[in-house]
Structures are given as structure tokens and as C-alpha cells.
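First up is the structure itself, then whatever we jot down about it.
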Amino acid sequence: NGSKWTLGGLSLGKRWNKEKDLDLLINFYELSIDEAKHRYGVSYKSIAGRLEKLWDDESEEGVVLLLEASNEVNNRR
């Protein structure tokens, strides 16, 4: 869908959505640069920038997303 929605004031636009954000938070540190670029379809700079915005997001939605990602990572251990 081409509509935009926001997460804590962060525009997700067409490239990012909640599912991709969650996937990024869960899997970023396990992916090589090439794997990340292929998986998300954007430059590594864009991926790293998105990750930084997600980490810095202090909104309720942002905190919930970080907790969900953290729980998933912990469940994989």
C-alpha cells in the first residue's frame, strides 16, 4: 500500500512499515552489509539511518516496537 503512516512522528513512507522496522531491529546485527541492502532494498546508509531513528524514538509506539524486537531476540537465544 502506498499510504504513509507514522511511528512516533517518523514517517514510514513507502519504503518502511512496521513489519520492516521490526525485522530491522531483530535482524540487523546478524546481516552482512550486502544481505541487509538486498533484504531491505535500500542503501546501507538508509538502513543505518532508519535503525538510528528507531533507537532514538521515545514515543510509546517506538518503545513498544523496541520491546517487541527485544523479546524476539531473547526468545531466539
Side-chain angles (χ1 to χ4, degrees):
N1 104 35
S3 64
K4 289 186 177 184
W5 68 286
T6 62
L7 174 67
L10 299 174
S11 175
L12 298 180
K14 295 180 182 179
R15 294 199 191 272
W16 296 102
N17 58 41
K18 183 179 178 183
E19 291 77 24
K20 279 189 177 180
D21 283 345
L22 184 59
D23 186 85
L24 177 63
L25 288 167
I26 293 169
N27 296 300
F28 177 79
Y29 298 101
E30 302 297 322
L31 299 172
S32 71
I33 291 173
D34 288 336
E35 289 170 331
K37 290 185 340 186
H38 178 75
R39 186 178 192 124
Y40 302 111
V42 295
S43 71
Y44 195 73
K45 179 179 178 181
S46 295
I47 295 166
R50 184 64 187 176
L51 183 66
E52 182 176 20
K53 286 180 183 179
L54 291 170
W55 275 109
D56 290 344
D57 184 5
E58 295 179 2
S59 71
E60 182 178 343
E61 297 89 358
V63 171
V64 168
L65 193 66
L66 286 171
L67 288 173
E68 188 175 346
S70 176
N71 287 335
E72 178 62 32
V73 169
N74 286 333
N75 288 336
R76 290 181 178 183
R77 294 182 182 174

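The salt bridge (Lys or Arg N to Asp or Glu O under 4.0 Å) check on Glu35 picks up nothing, with sequence neighbours excluded. Evaluation of the side-chain hydrogen bond (donor to acceptor under 3.5 Å, both in side chains) rule for Asn27 yields Asp23, Arg76 as partners, not counting sequence neighbours. Every side chain to side chain contact (heavy atoms under 4.5 Å, CB included) that Asp34 has, sequence neighbours left out, goes to Ser32, Lys37. For Leu66, the side chain to side chain contact (heavy atoms under 4.5 Å, CB included) partners two or more places apart in sequence, or in a different chain, are Leu25, Trp55. With sequence neighbours excluded, the residues satisfying side chain to side chain contact (heavy atoms under 4.5 Å, CB included) with Ser70 are Asn74.
Minimum interatomic distance between Ile47 and Trp16 (heavy atoms only, all atoms of both residues): CA-CZ2, 4.2 Å. Heavy-atom minimum distance, Leu24 versus Tyr40: CA-OH, 3.2 Å.
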Check the pair Arg77, Val73 against side chain to side chain contact (heavy atoms under 4.5 Å, CB included), reporting the backbone distance first and the verdict last. CA-CA 7 Å; Arg77 294 182 182 174; Val73 169; 3.9 Å; yes
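Val63 belongs to a hydrophobic cluster with Leu67, counting contacts under 4.5 Å between side-chain heavy atoms of Ile, Leu, Val, Met, Phe, Trp and Tyr, direct or through other members.
Side-chain contact between Leu22 and Glu19 is absent, with no heavy atoms from C-beta onward closer than 4.5 Å.
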